[in-house]
Amino acid sequence: MRHAARTDATQAEVVKALRAIGAGVYYLKLPLDLLVFFRGRTLLLELKEPQGRLTQAQEEFIASWGGEVHVVRGPLEAVAAVIGKEAMR
């Protein structure tokens, strides 16, 4: 399977899961994948495959960004980042 197809499938699953909990989701692509808002919070999510790594540009952006950023590897991690890991228990 080509990389873009896997990314698209993962991204669609993440967006579906986030919208199911009531989060607003916007596709960005650059510098990171998604802009998410939920209960007064705004955060950025970067979606990666299990062995995926951030690019140099993404690392620099995250280091300079003053807001909340999460690197997630699937729908469960994305939901946990948005609602909090404690709420997932």
Side-chain angles (χ1 to χ4, degrees):
M1 178 183 287
R2 65 185 180 82
H3 173 71
R6 284 194 314 269
T7 300
D8 293 344
T10 301
Q11 189 170 46
E13 292 171 9
V14 167
V15 169
K16 182 178 178 180
L18 292 174
R19 288 183 174 155
I21 63 163
V25 183
Y26 289 91
Y27 293 97
L28 295 178
K29 188 170 180 175
L30 295 174
L32 302 178
D33 292 320
L34 300 174
L35 171 67
V36 180
F37 59 91
F38 183 73
R39 298 184 180 168
R41 288 174 46 229
T42 302
L43 54 148
L44 296 172
L45 296 182
E46 174 59 25
L47 310 177
K48 291 293 182 192
E49 292 294 320
Q51 302 302 318
R53 298 174 57 177
L54 294 171
T55 66
Q56 174 91 25
Q58 289 171 328
E59 288 178 1
E60 291 171 2
F61 175 81
I62 290 169
S64 69
W65 183 251
E68 192 174 348
V69 178
H70 298 272
V71 178
V72 300
R73 300 186 186 281
L76 289 177
E77 284 187 22
V79 170
V82 172
I83 67 172
K85 291 178 183 173
E86 293 302 316
M88 295 290 290
R89 292 180 186 207

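What you are looking at is a predicted structure, and each value in this text was computed from that prediction instead of being measured.
When side chains are defined from C-beta on, Leu47 counts as touching Val72, because their heavy atoms get closer than 4.5 Å. When side chains are defined from C-beta on, Val69 does not count as touching Leu43, because their heavy atoms never get closer than 4.5 Å. Within the 4.5 Å cutoff, no side-chain heavy atoms of Leu45 are placed close to those of Asp33. Side-chain atoms of Leu28 and Leu34, non-hydrogen and from C-beta on, never get closer than 4.5 Å to each other. Between Leu54 and Lys48, some side-chain heavy-atom pair lies under the 4.5 Å cut-off.
Val71 and Tyr26 fall within the same hydrophobic cluster, where Ile, Leu, Val, Met, Phe, Trp and Tyr residues are linked whenever their side-chain heavy atoms come under 4.5 Å apart, directly or through other members. Both Leu35 and Phe37 are part of a single hydrophobic cluster, where members link through side-chain heavy atoms under 4.5 Å apart. Criterion: ILVMFWY side-chain heavy atoms under 4.5 Å apart, direct or through other members. Under it, Val14 and Phe38 are part of a common hydrophobic cluster.
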Working note: Leu32 + Ile62, criterion side chain to side chain contact (heavy atoms under 4.5 Å, CB included); need CA distance, chi angles, decisive distance, verdict.
CA-CA 9 Å; Leu32 302 178; Ile62 290 169; 4.2 Å; yes
Start with the C-alpha gap between Val79 and Leu18, add the side-chain angles, then the distance that decides, and say whether side chain to side chain contact (heavy atoms under 4.5 Å, CB included) holds.
CA-CA 6 Å; Val79 170; Leu18 292 174; 4.2 Å; yes
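Between Val15 and Tyr27, the closest heavy-atom pair is CG2-OH, 3.6 Å. The heavy-atom pair separating His70 from Ala81 by the smallest distance is CG-CB, 3.6 Å.
Remark: side-chain polar atoms of Glu77 are paired, donor with acceptor, to backbone N or O of Arg73 under 3.5 angstrom.
To the nearest 0.5 Å, atoms CD (Gln58) and CZ (Arg53) are separated by 12.0 Å.
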